[in-house]
Structures are given as structure tokens and as C-alpha cells.
2 protein chains.
Amino acid sequence: MNIGEAADASGLPAKTIRYYEEIGLIRPRRDANGYRAFAPRDVHKLAFLARARALGFSVEECRALLGLYEDETRASEDVKRLAQGHLARIDAKIGELQSLRVTLADLIEACAGDHRPDCPILADLAAGAAQGRTKGRMR
Amino acid sequence: MNIGEAADASGLPAKTIRYYEEIGLIRPRRDANGYRAFAPRDVHKLAFLARARALGFSVEECRALLGLYEDETRASEDVKRLAQGHLARIDAKIGELQSLRVTLADLIEACAGDHRPDCPILADLAAGAAQGRTKGRMR
DNA sequence: ATGATCCTTCCAGTAGATGGAAGGTCAAGC
DNA sequence: GCTTGACCTTCCATCTACTGGAAGGATCAT
């Protein structure tokens, strides 16, 4: 199976597959002509990686997950811990974004959005660094 | 005012300030010795940038915002449009993360997290690429 | 044989900094 | 006057996770 087929089968672009080989996530053997030859097992790993990346795991986390996946003697505890760490980061990110969202939505609402120059958004950016938030929300 | 002071005053690391100069966001003048000399106006711009970046605007959006801020004849409409675009991207990102969060939390909950190798998380990653989701949630 | 479509490697670029090396400058203290 | 240390300067490398493209070899269909 050449890289094109492996790409179709795994859902990853060929470029990405080459990159994953470069960083040592997979090691497909090579045909006599130098072409990469993907065994079903390789394609399976690629699909695993694609799914793990889609769930937001970092490439290094994916490496660890793949290692655990291939280790018959793994403890599910290790997998769970890894996933929990990732979940915690996602939650942190969501919280961060929701906080931004509130501030930004307030500012947008306060802005007339017409042809005049007066703008609470710019006013906040200019003053906000000092401390002022819209609507005087201060801690 | 040297870069160290400007950094303290604006809340941005000196490295970042140099970077912002490099990409043309600010143009502090130079003292005879080659040191950057920050006028209050420069520091104000840096603080503006720090706040805008903290709100998640991209550097290019910050450039545009700074341009609007300095343009007395701006229309608040333009600022608002920019901010609305950013808000939309934040909302999209939040949605994406929340979706990941649900899947991941389900998987984590299903995982015993003990010393045994059986693990629904790995099972999902291995099979998930095909289509299976935990709890058979399919569209 | 020829052209299209594969495949290969290698280099560069993306965003937004950050770290570090090598070296110039300045103010204080002795 | 000289050293020490805290500044400052530039330049280059590194990070994440790819992606784009150039140059060239291999394969396939006609």
C-alpha cells in the first residue's frame, strides 16, 4: 500500500504521514523503489493517530497513547491519567475563552457600529490596560 | 525610557516589544547609543496591544485596531465588525472544545483507571476512526 | 514513447513569541 | 581608573504541527 492509499484509508494527508514518520510515530517499510509500503497495521496506527489528534491530544500525547495501545501490559490508569490531563487543559481553555467572550460581547454591544468615530471597544483597549473594564466590572 | 521600563509599564516582555518593533507595530526612536527610547505614546500603544492580545485578537487584528485607534476619522462600524469577527471565531472554538470535552469525558468515565490493560479510551481511538463512538452514539 | 500521475527528498513558511549567545553601554563602588 | 553587574544590542535557533512547493525519479495508461 503506497502513501496515497494509506492517506485515503487513514484520513490523514500524505504530507502529514511523512511528517509522522519523520518524528518517529510510524515506521513503514520501504519497497525496492524507495516508496513507503504501508501494512494494514501501519494504516491502523495512522487512523489511531488521526482520531487521537481529532480529540485534541498533542502529538507527544499521541505518541504516548500509541505506546500504551501497543503495550499489552499497560494499566488503564495510565491512559486515564493522560486523558484527564487533556480534559483539564480543554476545560481551562474553554473557561478562558468564555471569559474573553463575555468581555468582548459586552464591548460589541456597547458599540454603536455607525459612521462616527466614538467606540467603546477602542476606549477599552486604550484604557483597559490600566484597569478599567466596561460597565465598571472590577475585582 | 528604555525597553526594560517600557516592558514594566506596558506589561509586555522586552523580547515581545522587540518583536513588535520588528513586525512594525511600533517604531520607538533610538538614543545615540542605539538603545530604544520609548515615548509615553509608545508605551500607551504597547499597553493597547497587550490588552488587545489578551482579548485574543491576532497580531494582524491588533495592527488594524491600532490603525483605527489612531485614525480620528474612523467609523466605529469598522471596529465593531472586526470585533464581531473575532467573537465568531471564539464562539466556534468554544463549540469545538465543548464537543471534544463531551466525548473525552464520556471516555474517561468509562475507563476503570486501574492496573488492568482494558481501556475504553484506547478502544475508541483504535476503532473510532472507523466510526464507533462510546455508548454507541451515532448520527 | 509520451504524458499524467504517482512517489521521493529537501527547503521554506506559518503564528507569536521565547531562549540564548556574543558583545556593546552605563552607573556604582573601590 | 577599573571592575562588576545590570542593562542594552543583534542575530540565530527553537517551539507546534503541519503545509506548500521545487526538483527529480517511478509507474501506468495509451
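Everything quoted here is computed from the prediction, not taken from an experiment. As a basis for the values below, the full set of heavy atoms in this structure was taken, side chains included, without hydrogen atoms, waters or symmetry mates. The sequence lines fix the lettering, A, B, ..., with proteins before strands; numbering per chain opens at 1.
One atom, CG of D8(A), and another, P of dT5(C), lie 15 Å apart when rounded to the nearest Å. Taking atom CG on N2(A) and atom C1' on dA26(D), their separation rounds to 10 Å, with Å as the unit. Distance M1(B) CE to dC7(D) P: 15 Å, rounded to the nearest Å. Residue I3(A) contributes atom CD1, which lies 19 Å from atom P of dT5(C) at whole-angstrom precision. Between I23(A) atom CD1 and dT19(D) atom P the separation is 12 Å, expressed in whole Å.
Within the 4.0 angstrom heavy-atom criterion, base atoms lie near R18(A).
Put simply, the side chain of R36(A) never gets that close to the backbone of R30(A): no donor and acceptor are under 3.5 Å apart. Checked by atom type and distance alone, the side chain of E96(B) never pairs as donor or acceptor with a backbone atom of K93(B) at under 3.5 Å. Side-chain atoms of R74(B) never come within 3.5 Å of backbone atoms of D78(B) as a donor-acceptor pair (strictly under, hydrogens ignored). Distance alone, capped at 3.5 Å, places no donor-acceptor pair between the D106(A) side chain and the T103(A) backbone. Under the 3.5 Å distance criterion, the side-chain polar atoms of N33(B) are matched with a main-chain donor or acceptor of Y35(B). Looking only at distances, no side-chain donor or acceptor of R101(A) sits under 3.5 Å from a matching main-chain atom of I94(B).
Summarising the local packing, CZ of R81(B) is surrounded by more than 12 heavy atoms from other residues, nucleotides or ligands at distances under 6.0 Å.
When the side chains of ILVMFWY residues are joined at heavy-atom separations under 4.5 Å, either directly or via intervening members, L125(B) and L25(A) end up in a single hydrophobic cluster.
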Going 5' to 3' through nucleotides 10-20 of chain C and flagging B where a protein heavy-atom sits under 4.0 Å of the base, S where only the sugar-phosphate is that close, and - otherwise, we get B-----BBSBB
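Salt bridge status for K80(B) with E109(A): absent, with no side-chain N to carboxylate O gap under 4.0 Å.
Using modelled atom types, one finds a donor on one side chain and an acceptor on the other under 3.5 Å when comparing H86(A) with R89(A). Side-chain contact check for S76(B) and D114(A): at least one donor-acceptor pair (N or O, by modelled atom type) lies under 3.5 Å.
Interface residues of residues 26-35 of chain B facing DNA chain C, ordered by number: N33(B), Y35(B); criterion, heavy-atom separation under 4.0 Å. A heavy-atom distance below 4.0 Å to DNA chain C is reached by none of the residues of residues 82-96 of chain B.
In terms of phosphate contacts, R36(A) brings no side-chain nitrogen or oxygen within less than 4.0 Å of OP1 or OP2 of dC7(C).
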